Amino acid sequence: MNKPRQITTLRAVAVMSSTIIGVGILSFPRYMTEAGNTSAPFVALSGVLISFIIYWLLVSLCQRFPQETLFVFSRRLIGRPLAAVFTLAIMLLFIVLTGLTVRQFGDVATTVLYKKTPIEATIFLMLLISLLSSRRNVLKFSYIHSFYLPLIVGSILVTILISLKNVDMLNLQPVLMAPGVKFWNGARQATYLFQSSFVVVLLIPLMEKPNHAVRAGAWAIFMSGAVYVLIVIASVGMFGAEETKLLIYPTLEMARSAAFGEGFLERLDAIFIIIWVISVFTTIYTTYYISAYLLHKLLRLRDQRMASSVLLPVMFILAMLPSNVFETYRWSLHLGNAGMIMMLGYSLLLWTVYLIRRHGKKVPS
Amino acid sequence: MQDWKDKYTSYLHKQQASSPQPASGSQLTGNLKTDIQELLARLGENGDLVVRDFQLFGTHQAAMIFFSSLVNTEQVREHVLKPLMARPSEHPGMPDQAAGMTHYIWSTVVQVTQGTTTADLSRLPPAAVKGDLILLIDGVPEALHLDMRQIEMRGVEQPQTEQVIRGPREGYVEKLENNLSLLRYRLQSTDFRIEISPLGTRTQSRVALCYIDSLADSALVAEAMRRISMIHTDGILDAGYIEQFIEDQPLSPFPQVQSTERPDKTVAALLEGRVAILVDGSPFALIVPALFNQFFQTMDDYTERFIMGSLIRIIRLIALACSLFFPALYVSVISFNPELLPTDFAVAISGGRAGVPFPAVVEVLIMEVSMEVLREATIRLPQMIGGALSIVGVLVIGQAAVGAGLASPITVVIVALTTIGSFATPAYNAAIALRMLRFPLIILSGMFGLYGGMIGTILILNHLLFLESFGVPYMSPFIPGKWRDLKDTLVRAPLWWMRRRPSFLHTQDSDRLPRSVPSRAIDQILRQGDEKNE
């Protein structure tokens with residue numbers, strides 16, 4: 001009854017977009033304005049473009065091996081030991097990424113809204129639901145994302161629309177300033193949000209049309225990129241660049257000031273946070289899932305349940321390691337750098353080997 | 001007739017003697033006396049077992065054996081005994097030898113529609129237990145068993161659990177034949193297949209698997225058959241027993257098999273390409289695969305015009321969401337995020353809660369639990385007492401609890417909305433699932449506020465997304481979704497617009513209506529008018 005290739009292109013788009021839209025959405029406008037003042041939307045936009053290039057570099061190679069995941073064909077390209085080392089590195093990257101993301105989430109949740117909930121409980125619950133959901137196969141994984149994506153994107157767009165009436169176009173000018181080092185640094189930071197689009201590697205062998213993977217990524221990255229850029233435009237337009245720099249969570253402030261229905265609900269921010277919890281869940285779920293998947297492949301376990309259970313304490317400890325918000329932020333910047341360098345390096349390495357081998361002798365693909 | 005004392009002593013004797021079991025599979029000997037004895041030994045001592053010896057056509061010794069509780073004795077007398085006891089002069093074609101007698105009797109004498117001849121003695125006791133009459137003739141090593149089963153049954157009534165405003169009023173009864181006839185007369189198609197086989201080593205309940213041959217996915221039919229064939233149990237007393245043996249996830253609170261009392265609903269499901277399972281003795285049919293979507297649909301949605309049907313379905317969904325989320329939302333907003341409420345309202349609520357000694361979560365839990373108790377109590381009681389109890393319950397929960405300072409008025413409102421909301425879900429088993437799931441949600445919300453409620457909701461939603469019923473994802477047609485399948489979900493599209501069958505059922509014939517022809521009368525009339533004008 002079940003076909004082996006069931007993930008449609010649309011669903012792949014959903015998985016990537018809901019993964020990309022995540023914890024960063026609250027503070028994103030601040031980084032962007034710090035990097036580019038009023039040209040913040042362009043910083044975000046260039047970030048989107050750069051991330052797509054990185055994505056394209058990796059996935060266009062993966063498309064050439066539509067039957068296998070990256071972790072399988074890399075063994076044939078660069079040999080078993082080296083491939084295992086890189087897989088391990090990617091796994092560690094995603095484990096740390098999960099830990100830090102969930103920590104960032106906990107920080108925001110406890111300081112802003114759920115003040116009475118201890119941060120340990122917040123983090124643990126979030127990791128727990130990711131654990132419980134990570135025990136299923138990739139197909140079910142994609143169901144989850146395609147179910148939540150409309151909720152996430154829809155409500156963010158509604159919030160932006162409501163706050164658009166408070167936007168002052170003057171705040172957005174001058175639209176473009178001469179890009180400097182700061183500008184490109186900001187763009188680079190923006191790409192970190194898009195790193196989890198790596199998840200497509202798991203999906204390709206199950207996709208109905210594996211050769212649409214790049215297209216799916218383009219849709220996903222540009223759609224979620226559009227959401228991010230819109231948020232930047234809305235918050236800069238609302239508060240002005242200087243004010244946005246001072247706000248820790250400009251998006252939340254934006255939602256807060258957007259009253260809805262003249263007093264039906266006093267404030268929208270709690271509703272916004274609810275949706276944000278879902279979007280954070282989908283992000284953490286993806287990184288958790290990738291980590292569990294890789295661990296289960298590396299240790300050759302029979303199924304993923306064991307792997308995902310083992311990861312929970314590791315990630316919890318990682319999440320509790322940073323002593324404060326700033327340390328979390330600094331660590332995640334370092335992690336983003338490391339991730340970007342590794343992904344770029346790995347893709348280039350694989351490409352080089354692939355091209356050399358293809359010229360030498362045909363690689364069966 | 002023995003009295004009870006004799007029965008007791010003879011029973012004790014028998015227990016001590018523990019006679020050896022007769023070997024099974026032995027053949028009939030042809031000697032009437034020994035055959036009867038052998039048969040009686042296998043059937044055991046029973047008060048309702050009748051052995052009637054008589055002279056067959058005045059010439060041969062014969063006997064019939066049957067259970068008077070399963071067989072209509074008047075019919076036995078009229079259609080079997082009377083012709084068999086006729087004088088030989090009335091049967092000029094009667095064979096001289098005893099050997100051809102069974103064939104002669106079966107083909108010319110008894111007027112019974114179903115029966116078999118067998119020489120195998122071991123097949124007779126099960127037949128007798130099923131309601132067959134066994135005819136043994138002296139000198140013939142063969143027995144004739146005739147289906148004389150007749151069981152008194154209640155008549156077809158309106159279904160108790162699924163009432164409709166508009167639509168057929170017939171519901172299933174316990175007897176399988178009646179239920180199948182209710183189906184057959186609605187579905188007069190040569191493609192309609194009913195497979196019947198006994199199940200349960202001791203009860204031998206007959207289980208019927210119904211499907212439409214040219215529609216239902218053969219993999220689905222095969223899977224249903226495979227799962228039923230894997231049931232090993234001694235007794236099937238209701239369709240619910242089967243449900244528990246064949247469902248995908250026994251630990252899930254959500255039902256993965258739909259049960260219905262309505263033949264029209266069953267036929268509608270069969271026409272969509274689903275499979276129905278009926279059991280003798282149960283007034284419920286099981287429908288597989290069952291999806292979440294089905295549990296808030298009723299027959300009324302389809303019999304009423306589509307706008308009404310859609311609106312009512314949306315109302316029902318709101319009620320369903322209320323019954324699950326309302327108390328949890330209330331608890332988390334009151335105890336963690338009161339700033340979300342408009343100020344005047346928040347003040348009013350806290351005024352109402354002023355005298356209540358418990359935190360909101362305890363208060364809501366107390367009220368919800370007592371409401372559940374009240375509901376459960378009224379369901380089991382006879383109607384007269386039930387009414388009295390609900391009045392007491394309403395007074396206690398509504399008025400007195402507030403007066404005594406146990407609960408605030410707003411809590412009573414919330415609990416009432418929740419309970420009413422849960423009653424608006426048409427499928428009883430799905431409603432229970434949602435009602436029970438609201439308790440963990442309340443507790444999570446009481447502990448972690450909106451965040452806890454959110455986590456609980458995500459868990460429930462993820463569970464629903466992971467669930468499958470007979471290989472079909474439980475949340476289809478939402479996820480994995482197809483646009484055309486969404487016509488019969490939150491809203492119910494007009495019947496003439498739903499031209500295709502649900503794609504997730506992989507039916508062999510995907511079209512309900514022919515594609516090109518307009519199916520509304522008005523379209524065709526207008527088209528004819530246009531042609532005339534030209």
Side-chain angles (χ1 to χ4, degrees), chain A residues 1-3 6-8 10-11 14 105-106 109-110 113-118 121-122 124-130 132-137 139-151 256 259 261-271 273-278 280-282 285, chain B residues 217-224 289 292 325 328-329 332-333 335-346 359 444-476 478-483 504-506:
Chain A
M1 256 190 287
N2 288 326
K3 291 177 291 175
Q6 283 195 328
I7 298 184
T8 55
L10 193 65
R11 208 175 292 153
F105 162 75
T110 44
L113 200 69
Y114 311 117
K115 291 179 185 117
K116 296 177 192 169
T117 316
T122 318
F124 186 76
L125 276 182
M126 182 54 86
L127 284 175
L128 190 68
I129 53 172
S130 309
L132 291 176
S133 311
S134 293
R135 301 152 71 103
R136 310 298 172 127
N137 60 24
L139 185 65
K140 296 288 168 66
F141 167 78
S142 73
Y143 286 174
I144 299 268
H145 285 286
S146 37
F147 182 80
Y148 289 120
L149 180 70
L151 279 178
R256 220 169 240 181
E262 301 308 321
F264 162 66
L265 280 173
E266 200 87 317
R267 283 156 50 178
L268 265 189
D269 56 339
I271 309 294
I273 286 283
I274 286 178
I275 296 301
W276 178 71
V277 169
I278 298 182
V280 171
F281 163 67
T282 52
Y285 178 35
Chain B
D217 181 16
S218 50
L220 172 66
V221 177
E223 177 68 16
F292 183 73
F325 299 121
L329 200 63
S332 50
V333 167
S335 38
F336 289 84
N337 297 91
E339 77 273 9
L340 281 180
L341 298 165
T343 319
D344 297 345
F345 188 45
L444 272 173
S445 301
M447 284 163 71
F448 305 109
L450 277 175
Y451 176 64
M454 207 54 225
I455 293 285
T457 311
I458 291 179
L459 269 181
I460 293 173
L461 285 173
N462 284 3
H463 171 70
L464 281 171
L465 288 163
F466 288 144
L467 210 54
E468 279 184 1
S469 170
F470 281 75
V472 180
Y474 201 57
M475 285 303 265
S476 38
F478 302 106
I479 302 290
K482 275 222 169 126
W483 281 111
F504 47 85
L505 293 173
H506 307 289

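Computed from a predicted structure; not experimentally measured.
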Once rounded to the nearest 0.5 Å, what's the spacing between atom CG of Leu467(B) and atom NZ of Lys140(A)? 8.0 Å
Okay, Leu461(B) and chain A: the region with an atom under 4.5 Å from a heavy atom over there is both
Atom group of Tyr143(A) that falls short of 4.5 Å from chain B, counting heavy atoms: both
In Å, rounded to the nearest 0.5 Å, how long is the span from CE of Met126(A) to OH of Tyr451(B)? 4.0 Å
With chain B, the option among Leu132(A), Asn137(A), Leu125(A) that has the most non-hydrogen atom pairs under 4.5 Å is Leu125(A)
Side chain, backbone, both or neither: which part of Ile278(A) has an atom under 4.5 Å from a heavy atom of chain B? both
When rounded to the nearest 0.5 angstrom, what distance separates CG in Leu329(B) from CD1 in Ile274(A)? 7.0 Å
Please find the pair of heavy atoms, one from Asn462(B) and one from Ile144(A), that lie closest to each other, and give the distance. OD1-CD1, 3.2 Å
Is the CG atom of Leu151(A) crowded by more than 12 outside heavy atoms at less than 6.0 Å? yes
Would you compute the distance between atom CD1 of Ile458(B) and atom CZ of Phe147(A) and round it to the nearest 0.5 angstrom? 10.5 Å
In Å and rounded to the nearest 0.5 Å, what is the CD1 to CG distance from Ile455(B) to Leu128(A)? 8.5 Å
Side-chain heavy-atom pair Arg11(A), Pro480(B) within 4.5 angstrom cut-off: yes
Under 4.5 Å to a heavy atom of chain A? For Phe478(B) that would be neither
What part of Ser218(B) lies closer than 4.5 angstrom to a heavy atom of chain A: side chain, backbone, both or neither? neither
Calculate, to the nearest 0.5 Å, the distance between atoms CZ and OG1 belonging to Phe281(A) and Thr457(B) respectively. 12.0 Å
